[in-house]
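FYI, side chains are in, hydrogens and waters are out, and symmetry mates aren't considered; it's all heavy atoms of this structure. Naming: A, B, ... by sequence-line order, numbering from 1 per chain.
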Protein chains: 2
Amino acid sequence: MDRDSMAKDWDAYAATCPTRQALDRIADKWTVLILGLLVETGPMRFNQLRREIAGISQKMLSQTLKSLERDGLVTRKVFATVPVTVEYAVTPLGATLAQTLVPLRVWAETHVERMLQARAAYDAAHDEAHERADGNAPARLDAA
Amino acid sequence: MDRDSMAKDWDAYAATCPTRQALDRIADKWTVLILGLLVETGPMRFNQLRREIAGISQKMLSQTLKSLERDGLVTRKVFATVPVTVEYAVTPLGATLAQTLVPLRVWAETHVERMLQARAAYDAAHDEAHERADGNAPARLDAA
DNA sequence: GCATCAAGTTACCATCAGATACCAACCGGG
DNA sequence: CCCGGTTGGTATCTGATGGTAACTTGATGC
């Protein structure tokens, strides 16, 4: 009855909880972009994904896709066509994840300007403090 | 009207877009846990965070907090108490981010079992294919 | 004088991400 | 016939990154 129907107190704040590893996998730049694309565009081929996600390397793409497939978030379908074709698609489980990942990408696109402003202000304050503290490097100690 | 209220075509799928770096920072295990904790518990001190987030090292905590402060997502307040006390709190901007990060942690806690099942199935299929390269192998269709 | 707590920093090492090159099958052109 | 181009990867090398543990600073207490 209560074998696995109930969440058994999974806690991402516990070091050894599998949730920690899961979070590490899903809270990932490439995962956000890949799942977001697959969910919005539908099934895609390997090189199609690679072209759409500018700047991703084959290694990271294939590696991330393999992880996602292993965790049941995407499916991989091979077509024995002329040059072999491989199609990736999100699973229902992956779709539920994508629904929480897409807002993350949207947040980034929406608030990146504010972050850049904050960063510039922080750096300016730091440069100022650095310059007025001393014009030269006083802490020139030998490496112990 | 549209001085900076309008997003100027930021695109996380473009390799050089700052959104990519922003996404890399916010789509991070420790960022999810730190912001989630600060938003739910309120301002916290350094070692308090360290104790609550089991398994995080001082290095990663201070590093992540410094990034978050630089990007205007948390504030750092130093109290000149007996042993110096430092309090971290989320900014309004950080709070908006936390609202999209918390569901991510919740998703992980909710669906980790399904992921573990999928992973076990995937690994079993792989081990099977690896150990027995004969007979009634279902994944032996490609005949490579 | 020594240990202790707070909040870090630093050194060191294992792992990882990124760039590049290569592979295998197939096809079209010269 | 050989060259280059397509698909979907793997292999290699290197610089960046994450984790572990030790050291720092500064006051407090025994």
Does Thr31(B) reach the main-chain N or O of Arg25(B) with its side chain, forming a donor-acceptor pair under 3.5 Å?
yes
Whole angstrom is fine here: how far is it from CG in Asp24(A) over to P in dT17(D)?
16 Å
Nearest-nucleotide pick for Arg45(A), side chain only, options being dA6(C), dT10(D), dG8(D)
dG8(D)
State the OG1-CD distance between Thr85(B) and Gln48(B), to the nearest 0.5 angstrom.
10.5 Å
What is the distance from CD of Gln48(B) to C1' of dA7(C), rounded to the nearest Å?
13 Å
When rounded to whole Å, the NZ to C1' distance for the pair Lys66(A) and dA11(D) reads 12 Å
Between dG18(D) atom C1' and Leu61(B) atom CG, what is the distance in whole Å?
14 Å
Distance, rounded to the nearest Å, where Asn47(A) contributes CG and dG9(D) contributes P
9 Å
Crowding at CZ, Arg70(A) (>12 non-hydrogen neighbours, <6.0 Å):
yes
Is the side chain of Tyr88(B) donor-acceptor paired with the backbone N or O of Phe46(B) at a distance under 3.5 Å, no angle test?
no
I'd like to compare against my own output: the B/S/- annotation of nucleotides 12-20 of chain C with a strict under-4.0 Å heavy-atom distance to protein.
-----BBB-
What's the CZ-P distance between Arg76(A) and dT7(D), to the nearest Å?
16 Å
Among Ile53(B), Asp28(B), Val90(B), Leu73(B), whose side chain to side chain contact (heavy atoms under 4.5 Å, CB included) with Ile34(B) holds?
Ile53(B)
Rounded to the nearest 0.5 Å, how far apart are CG of Leu49(B) and CG of Leu65(B)?
6.0 Å
Separation of Phe79(B) atom CZ from dG26(D) atom C1', in whole Å?
19 Å
What distance do Glu69(B) atom CD and Thr64(B) atom OG1 have between them, rounded to the nearest 0.5 Å?
13.0 Å
So Tyr88(A), base contact, sugar-phosphate only, or nothing? Heavy-atom distance under 4.0 Å.
sugar-phosphate
To the nearest 0.5 Å, what is the distance between CG on Leu93(A) and CH2 on Trp107(B)?
4.5 Å
With the side chain counted from C-beta on, respond yes when Arg105(B) and Thr19(A) share a heavy-atom pair under 4.5 Å apart, and no when they do not.
no
Can you tell me the distance, in whole Å, between the NZ atom of Lys77(B) and the C1' atom of dA6(C)?
18 Å
Is any side-chain nitrogen or oxygen of Thr85(A) closer than 4.0 Å to OP1 or OP2 of dG8(D)?
no
Tabulated below should be each protein N or O lying under 3.5 Å from an N or O of nucleotides 25-30 of chain C; please produce it.
none

